[in-house]
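Read the structure below first, then the notes.
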Amino acid sequence: MKSAQRTTRRPLALAVAALVGLPLALSACGTSTAASSSEAVTEISVMDYYNNEPDKSFIGDALTKCGTQAGVTIKRETVPGKSLISKVLQQSSSKTLPDVLMLDNPDLQQIAATGALAPLSDFKISTDNFAEGVLSAGTYKDKVYGLAPTVNTIALFYNKDILDKAGVTPPTTWDELKAAAAKLTAGEQYGLAFNANPTYEGTWQFLPVMWSNGGDEKKIDTKETEQALQLWTDLVKSGSVSSSALNWTQADVKDQFMAGKAAMMVNGPWQIPALDKQPTLQYGVVKIPVREAGQTSVAPLGGEVWTVPQTGNKARQAKAAEVIACLNSDENQMSMAKVRNTIPSKTTLAEKFAAENPKLATFTELIKTARARTGELGADWPAQATKIYTAIQTALTGNASPADALKQAQGQ
Amino acid sequence: MSLTTDLSQTAAPSSGKASRKHGRPAGPPTEAQAPRRRTRQRRERIFQWLFLVPAVVYMALFFGYPVVKNVVMSFQDYTTATFFTGEAPWVGLANYVTVLSSSLFSTSLLNTALFTIGSILGQFVIGLALAIFFQRKFPLNGILRSLLLLPWLLPLIVSSAVWRWILDKDSGALNRFLGDLGVINTGVPWLTSTSLALIAVVGVNIWIGIPFNLTILYGGLQEIPDELYEAGSLDGATGWKAFRHITWPMLRPVVSVVLVLGVVYTLKVLDIILGLTNGGPANSTQTIATQSYDLSFHEFKFGEGAALGNVLVIISLVFAVLYLRASRRAVDE
């Protein structure tokens, strides 16, 4: 028995060594050579997260058209929004990034900071006429890495029939908002719906009131941000907004509004196709109210930017840049914005676009002054965004006053 | 262990037999036969190894690599940039210090404990009760039992979406039902109240865990010979007494396995919580698993996420060791 034990122990030791050794050997072979070729480029790869219709086709058609113009065919891959970043990180470690990469704008600086993207100035792409917020979202360390052909933001939707019946006009200040929401709350109907869930979506919906009142994401335990959070808290405490807002997504908010269970909602233009499917629903869109008349409503900028990853192949990168420049042409911005219910990112197109698409006029107006979430903090935005939604949740559940909630969160 | 002993014992006589085939005269082993025997032994050793190779490679690839990587990562400043540049500076224990000293850690730890204890208790008691119930013979027994497996078969993301709707404060099915019964006047904020959310999440997790407990315990009950109950009933042990003195002692090995596996499964539950509450409201359903996920994939602090993940691995490991000991005892018995 003794000898048997000795013979088994050695293989065991070897097996352990193999278990530890193999992974190390594996991690070493993760690098591959970047293809460098000088032959003519006939095909470029594209990755984006428009995996649902109709956006999938709209973007696909625009890409195909721009590909033809640049003399290349497009090999496109669409991935679900949630898995895009993990896919990008995976590809950047295996050096298999696509030639053209779409990113959600708050992620751009995070990815640009890794060195995986090429500045667009390398390819002489014009950044003229773009709205300030759009450029600041696409900029990392003074260089533009990504451009968005069309963008979006959020505003206040209201149900015209309900407001008319109650004799309420769309609010423009916080006091009016509180009064209107209280008056519109009756039975199973709430005056207002927004989402305050513990994700970046909850932060995103809070930004308009925070920014319009002069609050700043760098330091959230300020008077301005406290006032904004007090507004959100008052609306929930008074019952004008369901406390379910703590767990709703923006899609849930839209469902509440469409079902007539909320007279007003905070939401974005991407909900318009769904709202229009219900012809009995008459709605209007106004800017999100500000604390005092005279303040500017500052909306957060949403939308996706297109980038050229560092693939090491100059010829393919040049073609990729051509396609991105084409996507951002005036003509393409206008047509894509129209079909996708988004806003052209060039301010020079705003007036014409708003005239042609009255439903999107309010959003078009907001984009001129919209602010990028990563404009100030860049790659540090996720950490601060987490603090903001934590403070919102703490205050709305009544665990702490808005002031204390913000102080706690800032100190975390 | 027994395999090697057997092989070394059979090795000697078989080598004698084989040498006869080669036309050598039979007789006592000569000096020339000794190296032959050694090569034969070595060959057998190689074959033993070859049989082990698939298992070792599989373990190294799918268990060893992630674990080693996770441990290494937890000592590094691992950011999004690391993926592109491959650079991850060593920071020693800094990640562990950050996550363990964060104010959220104690909340998460407490929630993880409450979530695990609550889930296991509910799943086990209801699972055992149902298992005993299905021991009886009655019509539709088989169909009902297979229907009870449904929660197990549904993708977790689907179950959590359905439950999220059922538990909604304003238009959820549960509140409607309770309202119609006259039990409540206003909607109960199941998922949006800091005092109720954890209870609601535990409830959903119990619902999901019942099939597992039911199946394993039912299997265990089937193993108990009927004769014991017959003999017991002669001595007056029926009903509760039969359960206390026959069922429970006979079921103990299965019970310990179910409980320990249940704890390990429950500790790492992620999708149900993310689907129902995202850890909210105000972190009242935040567990170590969800916090670790958040750190890695939302805040891109992969080092801290890995450190917190390892804390969870260590907790699970304690229960895994308990499981191994329990199952060894079960074999011995």
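Note that this is a predicted model, so its numbers are computed, not measured. Each chain gets a letter, A, B and so on, in the order the sequences are listed, and its residues count up from 1.
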Completion exercise
Among S242(A), G398(A), A391(A), A259(A), the residue with the most heavy-atom pairs under 4.5 Å to chain B is S242(A)

Handout entry: Under 4.5 Å from any heavy atom of chain B - which part of W381(A)
Key = neither

Exercise for the section: Check whether L295(B) gets within reach of chain A through its side chain, its backbone, both or neither, counting any heavy atom under 4.5 Å. Expected result: neither

Practice task
Could you tell me which of S102(B), P281(B), G280(B) has the largest number of non-hydrogen atom pairs under 4.5 Å with chain A?
Solution key: P281(B)

Problem - No-hydrogen, no-angle side-chain donor-acceptor test under 3.5 Å, D252(A) and N195(A) - result: no

Handout entry: Proximal component of T386(A), with respect to chain B [non-hydrogen, under 4.5 Å]
Key = side chain

Problem - Which atoms of F302(B) approach chain A - backbone, side chain, both or neither, heavy atom under 4.5 Å - result: side chain

Handout entry: Distance flag, aromatic centroids of F62(B) and Y58(B), threshold under 6.0 Å
Key = yes

Exercise for the section: Examine whether an atom of N247(A) lies under 4.5 Å from a heavy atom of chain B, and if so say whether it belongs to the side chain, the backbone or both; otherwise answer neither. Expected result: both

Exercise for the section: May I ask you to check whether T80(B) and Q110(A) show a side-chain donor-acceptor distance below 3.5 Å? Expected result: yes

Practice task
Would you mind checking which part of Q91(A) comes under 4.5 Å of any heavy atom in chain B, side chain (CB onward), backbone (N, CA, C, O), both or neither?
Solution key: neither

Practice task
Please state whether the side chain, the backbone, both or neither of T249(A) comes within less than 4.5 Å of a heavy atom of chain B.
Solution key: both

Exercise for the section: Report the option among D170(B), N278(B), T277(B), V67(B) that has the most heavy-atom pairs separated by less than 4.5 Å from atoms of chain A. Expected result: D170(B)

Completion exercise
Note: T311(A) and L97(A) closest approach over all heavy atoms is CG2-O, 3.5 Å

Exercise for the section: Verify whether one side chain among Y96(B) and S74(B) offers a donor that lies under 3.5 Å from an acceptor in the other. Expected result: yes

Exercise for the section: Measure from NZ or CZ of K301(B) to the centre of the six-membered ring of Y78(B), then state whether that distance is under 6.0 Å and the direction lies within 45° of the axis. Expected result: no

Practice task
Using distance alone, with no hydrogens and no angle criterion, decide if D234(A) and Q230(A) have a side-chain donor and acceptor under 3.5 Å apart.
Solution key: yes

Practice task
Mark yes when over 12 heavy atoms from residues, nucleotides or ligands other than K261(A) sit less than 6.0 Å from its NZ; otherwise mark no.
Solution key: yes

Exercise for the section: Name the option with the most non-hydrogen atom pairs under 4.5 Å to chain A; the candidates are E87(B), Q286(B), R164(B). Expected result: R164(B)

Handout entry: Which portion of S244(A) sits near chain B, non-hydrogen atoms under 4.5 angstrom
Key = both

Handout entry: Aromatic contact, F194(A) with W232(A) (centres under 6.0 Å)
Key = yes

Exercise for the section: Go through the atoms of D107(A) and report whether side chain, backbone, both or neither lie under 4.5 Å from a heavy atom of chain B. Expected result: side chain

Problem - Structural part of P189(B) lying under 4.5 Å from a heavy atom of chain A - result: side chain

Exercise for the section: Would you name the heavy atoms of G275(B) and S160(B) that are closest together and state the gap between them? Expected result: CA-OG, 3.7 Å

Problem - Options A379(A), G115(A), A383(A), ranked by heavy-atom pairs under 4.5 Å with chain B, top entry - result: G115(A)

Practice task
Consider only side-chain N and O atoms of W190(B) and N175(B), and report whether a donor and an acceptor are under 3.5 Å apart.
Solution key: yes

Problem - Contact origin within S171(B) toward chain A - heavy atom pairs under 4.5 Å - result: both

Handout entry: Selection from I392(A), T114(A), I85(A), T397(A) maximising heavy-atom pairs under 4.5 Å formed with chain B
Key = T114(A)

Handout entry: Which atoms of S103(B) approach chain A - backbone, side chain, both or neither, heavy atom under 4.5 Å
Key = side chain

